[in-house]
Number of protein chains: 2
Amino acid sequence: MSVTLKDVAQAARVSVSTVSRALTGTGLTSERTQQRLVRIARELGYRPNPIARGLKTGQSRLVALLVHNLTNASFQVMAEVVQARLKALGYQMLLCIGGDDPQQESDTLATLVDHRIDGLIVVPTGKNGAQLKTLSKDVPIVCLVRRDDATDLETVLADDPQGAYLGTRHLIELGHKRIGLIVGRQDTTSGRERLSGYVRALREAGIARDDTLIHAGHFEPETGATCARKLLDLPRPPSAIFVANHEATLGVLRVTAERNIAIPDDLSLLCYEDMPWFEWHRPAISIVDNGARDLANLAVDRLLHRMDAKGNGNDGVREYRVGARLIKRDSCRRIDALAPAKSAKSKSSSSKSSAAKSAKV
Amino acid sequence: MSVTLKDVAQAARVSVSTVSRALTGTGLTSERTQQRLVRIARELGYRPNPIARGLKTGQSRLVALLVHNLTNASFQVMAEVVQARLKALGYQMLLCIGGDDPQQESDTLATLVDHRIDGLIVVPTGKNGAQLKTLSKDVPIVCLVRRDDATDLETVLADDPQGAYLGTRHLIELGHKRIGLIVGRQDTTSGRERLSGYVRALREAGIARDDTLIHAGHFEPETGATCARKLLDLPRPPSAIFVANHEATLGVLRVTAERNIAIPDDLSLLCYEDMPWFEWHRPAISIVDNGARDLANLAVDRLLHRMDAKGNGNDGVREYRVGARLIKRDSCRRIDALAPAKSAKSKSSSSKSSAAKSAKV
DNA sequence: CGATAGACTGCAAACGATTGCAGAAACGCT
DNA sequence: AGCGTTTCTGCAATCGTTTGCAGTCTATCG
């Protein structure tokens with residue numbers, strides 16, 4: 001079917017091994033034949049067969065990226081970054097979707113190593129630590145975004161404590177004293193860490209922590225809606241909400257729209273992790289950027305390092321943190337410390353929005 | 001490193017070939033040894049090496065999906081569908097991102113066939129027809145969403161004429177007579193087809209085509225903004241806008257928000273292809289669904305068919321169309337035929353929105 | 001009881017590359 | 001000229017499977 005080394009060898013009247021050496025550029029062939037063979041190979045349209053090569057060398061030039069889904073914008077950019085970086089180095093990316101499901105993750109991991117992938121970047125579910133640990137003996141692995149506590153794998157994490165701190169501080173600096181927090185499940189690292197960043201910022205500013213303003217929940221839009229309602233229905237509702245649970249954002253936005261709450265006039269809104277449409281939304285939504293791009297790049301760097309190092313590429317560092325940064329757009333507003341802004345409450349109690357509420361909630 | 005057939009054979013004191021036959025279930029081994037070998041293989045944790053197998057059989061159990069990007073929601077669901085279907089059949093999906101760039105597409109295609117993929121689903125750029133045609137001799141290929149006119153490859157397409165027709169008719173049925181259309185570049189199939197569907201619906205309803213209401217442009221948010229402005233600035237602006245250019249949607253939404261145009265009260269808005277947040281948006285945005293899920297499923301069906309058929313799986317059909325359907329949400333409103341609704345124009349000429357306009361446009 | 005079909009099994013050659021080893025050629029040196 | 005180096009090339013084994021062919025064994029039948 002396709003042109004093999006043998007074909008080239010025959011055409012050039014030399015042995016297969018000579019062709020192999022010439023084309024891989026080992027320097028063990030004479031300049032003259034080297035060039036001649038390269039030319040002939042090109043003329044014949046020879047393309048090395050990675051499968052055959054892989055069988056012999058045990059390498060596949062395949063690197064896998066295992067993420068939970070592709071709906072999350074962060075995973076999208078990570079996939080694109082990883083793909084671009086790897087392609088430039090002659091690797092093919094195997095993108096796998098694990099759905100945050102341990103069983104699927106486990107299956108996928110197994111088939112991946114079967115395929116002799118040269119490296120793996122994985123967002124672990126956290127439930128297959130043992131397996132990951134075993135596999136890491138055969139193949140370089142870097143964890144991304146989440147840590148699997150059962151392993152000591154090299155892990156590239158977002159700096160969530162820092163990000164949440166930055167976001168909260170921003171709101172405080174704008175004069176907000178009552179800041180609602182909608183955050184993820186507290187049995188996840190990111191959930192806990194973001195809460196801690198929020199708390200730290202509050203403490204530094206000398207603002208008392210008010211647990212009625214803090215809501216933790218699942219990574220789903222519905223959670224955002226529920227929590228937002230609870231916050232807005234408070235006797236003294238917050239003047240700002242920090243949605244540090246990415247997936248919950250849609251729910252929050254829906255509730256504010258339903259209740260006709262103007263952002264940022266009635267309520268300041270700060271979200272976590274970008275979505276492509278945030279900057280097109282009016283008002284453009286301010287966010288804490290978790291640095292998806294940087295995360296992906298660093299993960300690739302570390303993976304490549306390990307792959308080069310052939311086994312023991314651990315430089316002692318187990319964990320890398322990628323700085324978060326604040327992207328100010330138009331959804332947060334300074335409130336006057338002296339004459340506090342009308343609270344969202346006042347608006348939501350108007351006849352119109354309460355009608356909307358009873359109708360749609 | 002890992003357990004091979006040889007290891008199993010030694011443990012069982014039989015030959016490698018027997019083990020191979022027993023495990024692949026060719027029925028050429030006695031019931032008894034078959035079961036024994038399977039048991040031993042499992043005990044030893046044997047896992048077949050796809051690379052070695054691939055070298056011999058010429059198959060890799062890898063199927064590639066080549067799309068333009070992952071930002072587009074349709075591509076996301078397609079990727080997820082394809083991945084799920086293939087995994088169930090024991091294939092691994094190789095997801096590649098071509099960026100709608102002919103050069104990248106060409107490179108990727110080449111490495112994919114090098115890797116001896118068993119099948120390929122591709123959203124073609126349209127510039128590598130010759131290459132695709134050549135490759136299709138070696139590997140089953142199905143085109144998705146776009147046709148490459150230089151080939152006669154089997155192609156699964158959305159029914160854009162139908163979708164655009166459905167959408168337009170919906171707006172007409174709601175009483176709209178002046179319907180703005182924002183559509184994609186006219187050198188793409190989808191761009192042309194959607195325009196034709198729109199025109200057909202108009203004609204059927206006996207509404208004269210007004211070219212000032214029709215804007216074709218690039219697949220970018222900015223295009224949407226520009227076109228929306230042009231439409232809204234018309235002496236007699238439309239009462240409804242049909243955004244049949246998915247990527248342009250964000251731009252349109254921004255402009256309506258900037259100008260404080262209430263949807264659907266001041267303007268009805270109908271979009272093409274879903275985004276995950278459309279139903280969370282207030283008002284929830286009505287769309288014409290291009291059937292991404294069905295498209296992906298059909299593409300997989302056809303590909304599998306071809307892969308089974310070993311070469312000549314063409315059933316004469318070259319082109320499949322997947323029906324579009326209308327999803328009514330809250331962004332389109334019935335307008336009274338007798339007393340026409342206040343047009344967007346009246347609103348946009350209020351002091352507030354014109355201030356916004358001069359400031360931000 | 002011997003022949004023979006039928007059911008299993010093993011040998012060995014592939015698949016297309018890489019690579020250790022040894023032979024050949026070319027060269028310089030005494 | 002003879003010898004040792006150096007440089008290049010080819011032979012053949014190997015990676016882990018699959019598979020055609022031939023051989024072995026059992027059972028069946030005449």
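What you see is a predicted model, and the numbers here were worked out from it, not measured in a lab. In what follows, every chain begins at residue 1, and chains take the letters A, B, ... in the order their sequences are listed. Keep in mind that the numbers below use all heavy atoms, side chains included, and drop hydrogens, waters and symmetry copies.
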(message) Regarding A/S30, tell me which of base, sugar-phosphate or nothing describes its non-hydrogen contacts under 4.0 Å with the strands shown.
(response) sugar-phosphate

(message) Heavy-atom nearest nucleotide on DNA chain C for A/K56 versus B/T33: which residue maps closer to 5'?
(response) B/T33

(message) Taking B/D149 first and then B/R147, would you say they form a salt bridge - that is, a charged N and a carboxylate O separated by under 4.0 Å?
(response) yes

(message) Could you tell me how far apart A/L5 (CG) and C/dC15 (P) are, to the nearest whole angstrom?
(response) 13 Å

(message) Donor-acceptor check, side chain of B/Q92 to backbone of B/V63, threshold 3.5 angstrom: yes or no?
(response) no

(message) If I take atom CG in residue A/L55 and atom P in nucleotide C/dC15, what distance separates them, rounded to the nearest angstrom?
(response) 14 Å

(message) When you compare the side chains of A/Q131 and A/S106, does any donor N or O come within less than 3.5 Å of an acceptor on the partner?
(response) yes

(request) For B/T26, answer base if it contacts any base atom (sugar-phosphate contacts may also be present), sugar-phosphate if it contacts only those atoms, and nothing otherwise; contact means non-hydrogen atoms under 4.0 Å. (result) nothing

(message) Between P on C/dA17 and CG on A/L23, what's the gap in Å once rounded to a whole number?
(response) 9 Å

(message) Base, sugar-phosphate or nothing for A/S17? Non-hydrogen atoms, less than 4.0 Å.
(response) base

(request) Using a 4.0 Å heavy-atom cut-off across all strands, classify A/T29 as base, sugar-phosphate, or nothing. (result) sugar-phosphate

(request) State plainly whether the residues A/R306 and A/D301 are in salt-bridge range, i.e. N to O under 4.0 Å. (result) no

(message) Whole angstroms only, please: what is the NE2-P distance between A/H115 and D/dC15?
(response) 21 Å

(request) Grab the CG-C1' distance between A/D114 and D/dG16 for me, whole Å please. (result) 13 Å

(message) Does a side-chain N or O of A/S15 approach OP1 or OP2 of D/dG10 to a distance below 4.0 Å, or not?
(response) yes

(request) Please state how far atom CD in A/Q10 lies from atom C1' in C/dG16, giving the value in whole angstrom units. (result) 13 Å

(message) Between P on C/dT18 and NZ on A/K6, what's the gap in Å once rounded to a whole number?
(response) 16 Å

(message) Without decimals, in angstroms, what is the distance between A/N49 CG and C/dT18 C1'?
(response) 13 Å

(message) Using the side-chain heavy atoms of A/Y46, tell me which of these nucleotides is nearest: C/dT9, C/dT18, C/dA17.
(response) C/dA17

(request) For A/T4 and for B/R21, locate the closest nucleotide of DNA chain C by heavy-atom distance; then report the residue assigned to the nucleotide nearer the 5' terminus. (result) B/R21

(request) Step through the shown structure and confirm whether more than 12 heavy atoms of other residues, nucleotides or ligands are within 6.0 Å of NZ on B/K127. (result) no

(request) Report yes if a donor N or O on one partner sits less than 3.5 Å from an acceptor N or O on the other, where the partners are the side chain of B/R47 and the base of D/dG16; otherwise report no. (result) no

(request) Would you indicate what B/L28 reaches in the nucleic acid, counting non-hydrogen atoms under 4.0 angstrom: base, sugar-phosphate, or nothing? (result) base

(message) Does D/dG16 have OP1 or OP2 under 4.0 Å away from a side-chain N or O of B/R53?
(response) no

(request) Look at all strands and tell whether A/P50 reaches a base, only sugar-phosphate, or nothing, counting heavy atoms closer than 4.0 Å. (result) nothing

